[in-house]
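This report refers to the structure that appears directly beneath it.
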Amino acid sequence: MVSIFMLFLECSVTMALIAALYQVLTPLLSKRYTARTMYYGWLVVMIGFIVPFRPRLDFGLIPSPTAIQQTSSSSGFSPLLIAAVIWISGVVAVFAYQLFMHYRFVKAVNRWGEKLETPKILAILENEQRETGVVSEVSVYQCQFITSPLLLGLRKPKILLPVMELSQDELSMIIRHELIHFRRKDILAKFIILLATALHWYNPIIWLSSKAISLQCEISCDNETMLNTDVEQRQQYSETLIGVIRQAKPQTALATNFYCSKQSLKSRILSVMDTHVKNFGTALVVVLTILTLGTGMAFARDTAIAPGGDSGGGQQDTVIDEQHEQIINYE
Amino acid sequence: MKRLPEAEFQVMKAIWTYEPPVTSSMVLGHLSGEKTWPIQSVVTLLSRLVEKGFLRSEKKAKERLYYPLVSKDDYLQFETGHFVKQYHENSFISLLSTLHQDKELTDEDLDELQEWIGKRRNS
């Protein structure tokens, strides 16, 4: 267990560096690349957090922490073991808590959600499904306990609407936005993020990254919703975003936590109103993938180092001996 | 307050649709749409709800009248209040928002943003 812990710890440190760099460069990169690029870039980083295995080179810039661990933890009950136990407990707790809350939420929707089947809603839904090419069976529910529209379900999606006054145009835009979330399988991405945050719960960078990726997810979904529209429609869409928040306001005695902070709402609106043509930066996603894979190379190869090596100096020798053995074996 | 099991919840939901007082036959009338409930089980459920403090009952002539003690909104908030705090778009909660809470949007913030959009329209 300690070695798994060390593997993820190493991954946490190196990926946090990449995530932090990406976050710092986001304003700059957003000028050139679409939100979709930024979103996929984040997904690569998140997967990098989840899968700790990397191709290793035989020499590394930094001695692998796994190697240090193996030489130092010869006694049975080490602080590392305790740390590993705390880590695992945290992972299980975060993951279980989130799944439990999700389960409770789904149950509440089934109990309290009211299916909307008015001709008006069905006509809008049919029209937007045609526009977005979503052929699955979609239903629309109204729920008193949510403050913003949301999407639930991977196969038979439910679009949940809060109780608020919405015009026909606003409804179409909201439904289209949610259908695009469904088409892009964004809930799977949310699951990846959930997994990554659970595995690295002690790392503040992962929480900041999960926030950044949610924003990029929304911005890119906004952009797809507004594909091939004019400025007038974009203004209307932005006003819908604001309108939904305004109407959610009276309920904020309950809702301390509406999904949009001022900064992110502003980013979303700026992006919707920005009609400059941007590129899909395949190169950016490739660079991130290479960086993610490359993090393993910063560390020395750490397989099967003789345990209980004498001191720091001896450790280097062990590694080199290992390499010799490898070379001989391969010859 | 405790979370109601499904059958008791259905009975409460029926009661909330009427102006009190409500009789068992009114509840039955409301429930009969989905599946057939024997009147005896409805009466049992009603008395269980009285025990739990969700209803108050009164005997008048031959009929027993029921008055809700817990309103729909109160019960809704009891069951789902915490979601409103923790849920955002797309069904998965993010612990982040409870850890690093953003400043709430004020009406002025929203006005400011709306004004900005308006300016874009005129330019």
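Since the model is a prediction, treat every value here as computed from it, not as a measurement. Values below: all heavy atoms of this structure, side chains included; hydrogens, waters and symmetry mates excluded. Each chain gets a letter, A, B and so on, in the order the sequences are listed, and its residues count up from 1.
Remark: the A:Lys278 side chain and the A:Asn223 side chain contain no N/O donor-acceptor pair separated by less than 3.5 Å. Under the 3.5 Å distance criterion, with hydrogens and angles disregarded, a donor-acceptor pair is assigned to the side chains of B:Arg64 and B:Ser57.
Salt bridge A:Glu137/A:Arg155: absent, no basic N to carboxylate O contact under 4.0 Å.
With a threshold of 4.5 angstrom between heavy atoms, A:Arg111 approaches chain B through its backbone and through its side chain.
Cation-pi geometry between A:Lys107 and A:Phe105 is not met at under 6.0 angstrom from the ring centre and within 45 degrees of the axis.
Taking the six-membered ring for Trp, A:Phe8 and A:Phe49 have ring centres at least 6.0 Å apart.
Within residues 11-19 of chain B, the residues having any heavy atom less than 4.5 Å from a heavy atom of chain A are, in residue-number order, B:Lys13, B:Trp16.
The structure places CD1 of A:Ile213 at 8.0 Å from NZ of A:Lys190, a figure rounded to the nearest 0.5 Å.
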